[in-house]
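One structure is given here, and the rest of the page talks about it.
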Amino acid sequence: MSYPYQNPDLPLMERVNDLISRFMLEEKIELMCQYQTDIPRLGVNKYKHGTEGAHGVAWLGEATVFPQNTGLACTWNPELLQKIGSVIGDEARVYYQRDPAANGLTIWAPTVDMERDPRWGRTEEAYGEDPHLTGALTTGLVKGMQGDHPFYYKAVSTLKHFYGNNNEVDRGSASVSIDPRNKREYYLKAFEPAFRDGRAGSMMTAYNGINGTPCNFNHEVNEIVKGEWGMDGFVVGDAGDVLGTVMDHHYVDSYAEAVAGSIKAGIDSITDDQPISQQALRDALQQGLLTEADLDHALSNTFRVRFRLGEFDPAERNPYSHVAESKLCAPEHAALALEAARESVVLLKNDRLLPLGKDAASVAVIGPLADEAFTDWYSGTPPYRITPLQGVTEKMNGRPVHFTTGLDRIRLRSAATGKYVGIAAGEEGGAALAANCEDAEQAEVFERNDWGWGQITLRALSNGKFVTESESGRLEATADEARGWFVKEAFGFETQADGSMRMLSWEGKPVSVDVRGYMNVEADQEKGAGEAEGAVMVGAGATVDAEAAVSGGANFANRGAAAGIHDGFIVEVVQGGLQQAAAAAKNAETAIVFVGNSPFINGKETTDRPDITLPPSQQALIQAVKAVNPRTVVVIVGGYPFAVNWEQEHIPAIVFTSHAGQELGRAVADVLFGGYNPAGRLNMTWYKSADQLPDIMDYDIIKGKRTYQYFDGEVLYPFGHGLSYTTFGYEGLSLSPAEIGQDGTVTVSVNVRNTGELDGDEVVQLYVRAEASCVPRPLKTLKGFKRIHLKAGEFKTVTLELKASELAFWDVTRERYCVETGAYTIMVGPSSEKIAAAATLRVNGETVPPRLLRESVKAVNYDNYDRVFIDECREGGESIRTVQDSGGWIAFHDVDFGTGASEFEARVSGHLKGGEIVVTLGSPDGETAGTCRVLPTGGRQAWTTVTAPVTGAAGRRDVYLHLKGEVQISRFSIR
């Protein structure tokens, strides 16, 4: 028997609706989660939403691994991103063909979150601080992943995380305050192109809340994403966030309310514990919180996508139905990975040292990242890895390469027994650490990597494995890498008051030696007073203070006898890393120092960075090398901007690359030796210090002066910065026409010439500044760019189109975009700070009329504020409340009162204590026009209407509403 949904010639929605109508209610419930059940009677197979593919297919097996997203953003090349997206789609198809039930085609990528703060632990995952750049690059990736067929998808892109997700601290429970202008001009702008132009088929909401409402309850998913932007796909919640509405946000009291509110707000697929979620769905239906029609609506969105993936159609109709197995890790994909890695390299500084050239006599390759090619949490498994050392060695072609990590090599011994730590077969198997060696010759030697901020890894030289904590709590040298959701290979060495130190696990628990000599992480227990754990640090060649060691040993031995354990280790440095690095650098023509971060330590998902500097040990390494070799190159391999101020002042050449995947080493070597002329550009501002940044939870980029758009201080490297081995000249900037209306388009043309002696790429960047405005506008903002290749001496005319609509700001007085009449400076150049040419564009647009407060106005549509944040109003919309009830104000500028107003009215909450609203005119300290008392209402969401008389409100004035006490305001009028 044939059903309408099985007929590929029928309209899509007719087929989708027919299939959904045939599901029984319990089947619908079982289809609402990430792992959709099979319905054999209807030919519906199992399907999994969510395959990781941020920069290559991940977690399924070997796949091509491209540079991290922050590195891909440094290419400033949407066409390259589209090619990469196509490879991800192809390789996802291969895995899907192998096991369709386990390997889905809805890819959880790209991450579109705005990176207004470089301390964010997941900076490596997104595309930078600018919405135009992010929008263009992610749209390219989406187009490549989804393919160019008018109906069928190759794969489906799930944009994440919508939105305001740029901190890890309390991410599952915190709510960030984002006003309408920041929202519309910055945070939403990054997501919009991938839906409007890229037609992205899916989206994931964020863990955090926006203005008091968890993102999975955010009405903007329906109103803006599915409504304004016309998203024709489905929305998925992040893992655990729907149930987290109860557990973390404490926003609702039951899982039934959580699933019901999420689905009504636009969530179509739940990524939570399935048995719990499905029972919550049953409860919500039984309690009348959901209807079967709500499930039908959500399922129509998920199945519309499954139909377009070709699941229900004959294979011959779908051009993506069979991708050859040979496409997985294909040679052409590896070539593209190399191309991407090369294009992403940014030359930060070059004082005529680079390129080294083909005839370099000798080099020293130094540093903890010199022989590493790290992958991150969302990386795939590369078929091979080329480290920088391998890449440089290949370029040197037999000429001397002196290598050292620059890391100390150490031995450990028990302070209690004096025995050294070696590797022994543990009772549970593996290479267990035990303090059972009588002399130093028998001891294990560890390479110690100090990543800073109390995070140290130890690698056993005898087997090359990292020390890790096993499931039983025993320390073993068995880990291939320091990585994981919990990084059990990271240890702390804590200095005590007497100068000694103790060893701590990744959780901060003491490491001790049991009566059999094995090193273990102590179980949770209270320690007696005066029971200090410690270790004595001894340098290479130094002697131990025998009396202190014996005294300490007796201490530990006595406690160990009672407790069955003893703590404390003497750490002997048997080979100093800085000395080795200096020796290698001194004997080489050029020293190349590789520094940076581990993708799993001091900055990752769940952990924001403690600072934006390099670890002190790496700074010391660079300085030690530079002291003996003036021809020092620093290569930063990392997922974040770094404050490398000393290096900028003293090091002649500095290069930045992200963790660039399988071809990292070859790409970096090509740049260092001149085989590739670098043209990467920074996707984020590199600040001089974290002191230049507001609090990480401050999401107002306008008032907080964040990103290159508003920051007016001195930076280390500006947004868009990147050097070349050649030079470029700009001339002949022209605007056609030079005056446009609010619906017009101007063509910006500029002549660019390669004025140097080498072929190379230039990234032409177009910025705009409004010369006069009724609201604060950016110092400049990116509105176009193009990466071009020019041979030495070659000349090209670059044209970029700029629509007047791109000059708009969000007018809070009318709740819409406004293209303001006036002059706009059009700037082009190689970075946001280096403007090569500028011209003036006249725009005949609008003049924002004065405000009218006679009718009810949303309090959130203020023009300025002080010490307030935005919260929800469960009556509808949003509200304003003060920071910890300390008092603050919101301002409304240029209000036309006409001949006068006499009454203030507001919708307010007085919570438990109440307070008052004071109206002043002209300035925060201006004349008081009225005071309105707000009585306690019994809760934040207990709303009432208050009124008060006002005086002096006539003509055109600025109005300030001062909130004092536990006052919350959602709407008001003055009439």
Side-chain angles (χ1 to χ4, degrees), residues 74-81 83 133 136 335-336 338-360 395 590 631 633 652-657 666-682 717-736 746-767 782-802 826-839:
C74 291
T75 69
W76 289 56
N77 190 342
E79 291 77 20
L80 174 68
L81 269 290
K83 293 177 183 177
L133 177 65
L336 185 64
L338 175 58
E339 179 184 349
R342 285 169 171 164
E343 288 199 18
S344 70
V345 175
V346 183
L347 181 61
L348 296 173
K349 178 184 178 181
N350 187 26
D351 207 2
R352 296 181 298 278
L353 178 54
L354 295 177
L356 299 178
K358 299 178 180 179
D359 301 322
K395 290 292 182 184
T590 304
R631 289 176 53 85
V633 180
I654 307 173
V655 173
F656 170 72
T657 175
R666 195 169 283 133
V668 169
D670 283 345
V671 168
L672 292 174
F673 288 86
Y676 184 82
N677 191 351
R681 299 291 187 267
L682 294 180
Y717 304 118
F719 173 80
H721 170 74
L723 305 177
S724 170
Y725 294 149
T726 189
T727 55
F728 299 93
Y730 289 70
E731 60 184 20
L733 176 64
S734 66
L735 309 180
S736 179
V746 59
T747 299
V748 181
S749 300
V750 66
N751 301 322
V752 183
R753 185 184 301 277
N754 185 338
T755 56
E757 299 179 353
L758 296 174
D759 300 350
D761 286 5
E762 173 69 327
V763 180
V764 181
Q765 302 170 35
L766 167 63
Y767 296 90
L782 182 72
K783 292 299 179 183
F785 62 91
K786 186 174 289 185
R787 181 166 180 151
I788 60 172
H789 183 76
L790 292 172
K791 295 180 180 179
E794 186 180 3
F795 158 95
K796 281 184 181 178
T797 298
V798 177
T799 60
L800 296 164
E801 285 198 345
L802 176 67
I826 308 301
M827 300 164 278
V828 294
S831 84
S832 62
E833 277 195 0
K834 193 173 181 182
I835 301 302

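Since this is a predicted model, take the numbers as computed values, not measurements.
The minimum heavy-atom distance between Ser831 and Gln765, with the atom names listed, is CA-OE1, 3.4 Å. Residues Ala792 and Gly756 approach most closely at CB-O, 3.7 Å, considering heavy atoms. Listed here is the closest heavy atom pair of Glu794 and His789: OE1-O, 4.1 Å. In terms of heavy-atom proximity, Leu356 sits nearest to Arg631 at CD2-NH2, 4.0 Å. Between Thr799 and Ser749, the shortest heavy-atom contact is CG2-OG, 3.3 Å. The nearest pair of heavy atoms linking Val671 to Pro355 is O-CB, 4.3 Å.
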message: Between Val345 and Tyr676, does the side-chain contact (heavy atoms from CB on, under 4.5 Å) criterion hold? Intermediate values first, please.
response: CA-CA 10 Å; Val345 175; Tyr676 184 82; over 6 Å; no
query: For Val828 and Ile835, what are the C-alpha separation, side-chain angles and deciding distance, and is it a side-chain contact (heavy atoms from CB on, under 4.5 Å)?
result: CA-CA 6 Å; Val828 294; Ile835 301 302; over 6 Å; no
- prompt: So Val346 and Tyr717, side-chain contact (heavy atoms from CB on, under 4.5 Å) or not? Walk me through it.
  reply: CA-CA 11 Å; Val346 183; Tyr717 304 118; over 6 Å; no
- request: In sequence, state the C-alpha distance, the side-chain angles, and the governing distance for Ile826 and Leu802, and then conclude on side-chain contact (heavy atoms from CB on, under 4.5 Å).
  value: CA-CA 10 Å; Ile826 308 301; Leu802 176 67; 3.8 Å; yes
Salt bridge (Lys or Arg N to Asp or Glu O under 4.0 Å) assessment of Glu762 paired with Lys786: CA-CA 8 Å; Glu762 173 69 327; Lys786 186 174 289 185; over 6 Å; no
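Glu833 places no side-chain N or O within 3.5 Å of a backbone atom of Pro718 that could act as its donor or acceptor partner. Counting only distance, with no hydrogens or angles, the side chain of Asn677 and the backbone of Tyr725 share a donor-acceptor pair below 3.5 Å. With Glu757 contributing its side chain and Thr726 its backbone, the two residues share no donor-acceptor pair below 3.5 Å. Judged purely by atom type and a 3.5 angstrom limit, Asn754 uses its side chain to pair as donor or acceptor with the backbone of Leu758. Looking at His721, its side chain never comes within 3.5 Å of a backbone N or O of Arg681 through a donor-acceptor pair. A donor-acceptor distance shorter than 3.5 angstrom exists from the side chain of Thr755 to the backbone of Thr727, with no hydrogens or angles considered. No donor-acceptor pair closer than 3.5 Å links the side chain of Thr797 to the backbone N or O of Asn751. Proximity of a side-chain donor or acceptor of Arg787 to a complementary backbone N or O of Thr75 within less than 3.5 Å is detected.
Between Leu354 and Leu347, some side-chain heavy-atom pair lies under the 4.5 Å cut-off. For the pair Lys395/Leu672, no side-chain contact is recorded, criterion being any heavy-atom separation below 4.5 Å from C-beta on. Side-chain contact between Leu338 and Leu336: absent, with no pair of heavy atoms (C-beta onward) separated by less than 4.5 Å. Counting heavy atoms from C-beta outward, Leu348 and Val655 have side chains that stay 4.5 Å or more apart. The side-chain heavy atoms of Tyr730 and Val764, taken from C-beta on, include a pair separated by under 4.5 Å.
For the atom pair CG of Leu133 and NZ of Lys783, the computed distance is 12.5 Å after rounding to the nearest 0.5 Å. With values rounded to the nearest 0.5 angstrom, Ser344 atom OG is found 11.0 Å from Asn77 atom CG. In this structure, SG in Cys74 is found 6.0 Å from CG in Leu682, a value given to the nearest 0.5 Å. Atom CG in Leu766 sits 11.5 Å away from atom CD in Glu801 (nearest 0.5 Å). Atom CG of Leu782 is separated from atom OG of Ser832 by 9.0 Å, given to the nearest 0.5 angstrom. Between the OG1 atom of Thr590 and the CG atom of Leu353 there is a distance of 6.0 Å, given to the nearest 0.5 Å.
Counting only residues at least two apart or in different chains, side-chain hydrogen bond (donor to acceptor under 3.5 Å, both in side chains) contacts with residues 348-359 are absent.
Phe785 and Trp76 have perpendicular rings, their planes meeting at more than 60° on a 0 to 90° scale where under 30° would count as parallel.
One finds no salt bridge joining Lys791 and Asp759 here, because no Lys/Arg side-chain nitrogen approaches an Asp/Glu carboxylate oxygen to under 4.0 Å.
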